Amino acid sequence: MTHTNPTPQARHARKPKRRTVITAAATTAVLTPVAVAYSANASEDGPAFLHGVASGDPLPDGILLWTRVTPEPDAVPGSGKGRSVKVRWEVSEDRDFRKVASRGTVTAEAAGDHTVKADVRGLRPATGYFYRFTADGTHSPVGRTRTAPAEGAAADNLRFGVVSCSNWEAGHFSAYRHLAGRTDLHAVLHLGDYIYEYPVGGYGSRGKVIRPHTPEHETLTLADYRARNAQYKSDPDSQRMHAAHPLIAIWDDHEIANDWWKEGAENHTPGEEGAWADRMRVAKQAYFEWMPVRPSIEGTTYRRLRFGTLADLHLLDLRSFRDQQVMPGKGDIDSPNRTLTGHAQLDWLKAGLSASQAKWRLVGTSVMISPMAFGSLPAYLLRPIAKLLGLPEQGLAINTDQWDGYTHDRRELLSHLRSRGIDNTVFLTGDIHMSWANDVPIEAATYPASPTAATEFVITSVTSDNVDDILNAPPGSITPVAAPAIRAANRHAKWVDTDAHGYGVLDITTERAQMDFYAISDKTKAEATSKHSRSYRTLSGTQRVERAEQPVL
């Protein structure tokens, strides 16, 4: 498609107000609840922290800290304007910063869109800390974070919030607010689609735009991606969540472009939108500028975090190395020459799973690994599900953007788990705007007679449209019809919810891994409430999911 880029003045017309003040109550697992004030707290000509603070990728001895400084009013994200500013960071054992554990300085420059990171080391393991930034005497909001358990430490439990698919235009991020309000989380895991790249109205809610994107056009340039990332960081519920808990994130497709692969994307036209390599490069640059994520091998998001002897978390990048998707019936999805992970990443994952001494092996994957078929789903439901997944609306059987389209990689990975006797592997998945609790079978056709290799919990979207949105149907009205047909065609799927928006809370002990699914009342309402919907768990050594009657308290 052809895009007409607005002038810089039009693109950045929606500047943040200098004296915006938002108050939130949010805590980490071991810290006393206190209010956190978000305030520009500066003169018209002085620096301000308009995009909050964040931490991420916890280590036993360290944490990554992030913020963005607005040095003067016209230095808006993506503008390239603004002087360089020295920024001091502090990490403290108390919120009044009387017991400072570490401090240092970084420089916010226009070349990095005035974002800064501090990779802090030398902290104590399994410890809660407060942190803040200061520029020219102006303090940032105070955030809270937590380090991981020490290597070899036997942690009693781990608890992660889990989210995916947060489309600004489709609603409010109240799921983030509810996670921020919890006092029991060690971190929040975001499984991809943290931002969306579409133009205004390109991916709305029930045909409506709840709040329009900035810039108005599809993101293509470095300035575009910076401005879009900044808009998402301006959301008050996002700021609450980031200030309350460390984030662990991977990307999926919409951080760059829909259904992207290593040499292109479904909605990228090289002749009209420039070279794909250039777009991918600037989108990745903006992502790492604006996210509290450590770049890993080859500037990707695949990496590994360890949490004592209780769990290893293997985080995948399923976009940067994949071959192009093929449509069902139009390509050899079983070919060993086609890869989703890339050979180096798959070898890295297999080696890490084999070497892990942890009780649980968690795998963050942006797309579903369990097979998915639709069986006898009626046409009026098949069409919106196909639209949701970006597939032909007639006669589809599989979603080739998922592991279903790269069966050799899946077969190699599951066979590795089975042949090496690697148990307690749990895949954590986003992407498809539905909730699932799955066994991951070696051979789906003969399940349940055939063995399972792992289990999988799929988290619905924070706001992005699901089936009832597409059909403009009352919330909760589609699942009673669709779920039985989906489960009949996928016997390994123990639960499917096609309608709800919300988040998950994953609780890990030595005995079991349990996912509590929570639904928000109305994504279009900023004050939406939250309630528990279902819980599923996998007991140690079983490689099977079962229903748990209550959430973990």
Side-chain angles (χ1 to χ4, degrees), residues 29-30 58 126 146 148-149 152-163 179 182-189 191 245 248 304-315 352-353 356-365 368-370 414 417-418 420-430 435-442 447-448 451-460 487 491-497 502-519 532-553:
V30 299
R146 184 173 175 83
D156 293 331
N157 89 299
L158 290 168
R159 191 171 293 180
F160 300 115
V162 189
V163 288
L179 286 172
R182 296 187 67 120
T183 62
D184 57 349
L185 301 181
H186 294 85
V188 172
L189 177 60
L191 294 168
H245 310 296
I248 301 169
R304 186 176 294 116
L305 298 173
R306 292 191 164 94
F307 297 87
T309 61
L310 190 53
D312 287 346
L313 176 57
H314 311 265
L315 299 155
L353 292 168
S356 174
Q357 298 298 309
K359 185 70 174 181
W360 294 93
R361 298 153 185 85
L362 310 177
V363 182
T365 171
M368 199 159 99
I369 192 168
S370 300
L414 299 185
L417 294 176
R418 187 68 179 170
R420 299 297 180 92
I422 300 171
D423 62 1
N424 293 352
T425 301
V426 180
F427 290 91
L428 306 171
T429 307
S435 297
W436 297 58
N438 300 327
D439 292 343
V440 182
I442 298 292
Y447 176 91
T452 56
T455 54
E456 180 177 34
F457 298 121
V458 182
I459 298 300
T460 189
R487 289 190 58 205
R491 290 177 292 175
H492 53 279
K494 304 306 177 183
W495 179 62
V496 181
D497 186 325
Y503 58 94
V505 175
L506 177 70
D507 189 87
I508 305 287
T509 68
T510 55
E511 292 80 21
R512 55 101 185 101
Q514 177 167 322
M515 182 69 80
D516 299 328
F517 295 87
Y518 289 85
H532 172 251
S533 55
R534 283 286 186 106
S535 292
Y536 283 85
R537 66 189 180 190
T538 175
L539 301 180
S540 177
T542 65
Q543 281 67 252
R544 304 268 180 168
V545 296
E546 63 180 26
R547 185 170 179 182
E549 292 304 319
Q550 294 182 342
V552 178
L553 300 177

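Computed from a predicted model, the values in this text were never measured in an experiment. The analysis underlying the following values was restricted to heavy atoms, covering all of them including side chains, and did not include hydrogens, waters or symmetry mates.
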Within the distance-only criterion (no hydrogens, no angle test), does the side chain of [X] pair as donor or acceptor with the backbone N or O of [Y] below 3.5 angstrom?
| X | Y | answer |
| --- | --- | --- |
| T365 | F427 | no |
| H186 | R159 | yes |
| H245 | L179 | yes |
| E456 | V426 | no |
| R534 | F517 | no |
| D439 | T455 | no |
| D516 | V552 | yes |

Give a yes or no on whether a salt bridge exists between R361 and D312, defined as a side-chain N under 4.0 angstrom from a carboxylate O.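 Judged by the 4.0 Å cut-off on N to carboxylate O distance, R361 and D312 do not form a salt bridge.
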Quick one: which of L185, L428, L158 gives a side-chain contact (heavy atoms from CB on, under 4.5 Å) with L506?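 Answer to the side-chain contact (heavy atoms from CB on, under 4.5 Å) test with L506 among L185, L428, L158: L428.
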Which label fits Y518 and Y503: parallel for a plane angle under 30°, tilted from 30 to 60°, or perpendicular past 60°?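 Parallel, since the angle between the ring planes stays under 30°.
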May I ask you to decide if the ring planes of Y536 and W495 are parallel, tilted or perpendicular, using 30° and 60° as cut-offs?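 The rings of Y536 and W495 lie parallel, inter-plane angle below 30°.
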What closest approach, in Å, do V162 and L191 show between heavy atoms, and which atom pair accounts for it?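 Closest approach of V162 to L191, heavy atoms only: CG1-CD1, 3.6 Å.
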Distance in Å, L362 CG paired with F457 CZ, rounded so as to fall on 0.5 Å steps: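 Going from CG on L362 over to CZ on F457, the span is 10.0 Å.
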Flag side-chain contact, heavy atom, 4.5 Å: T460 against D497: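 Heavy-atom side-chain distance check fails, nothing below 4.5 Å.
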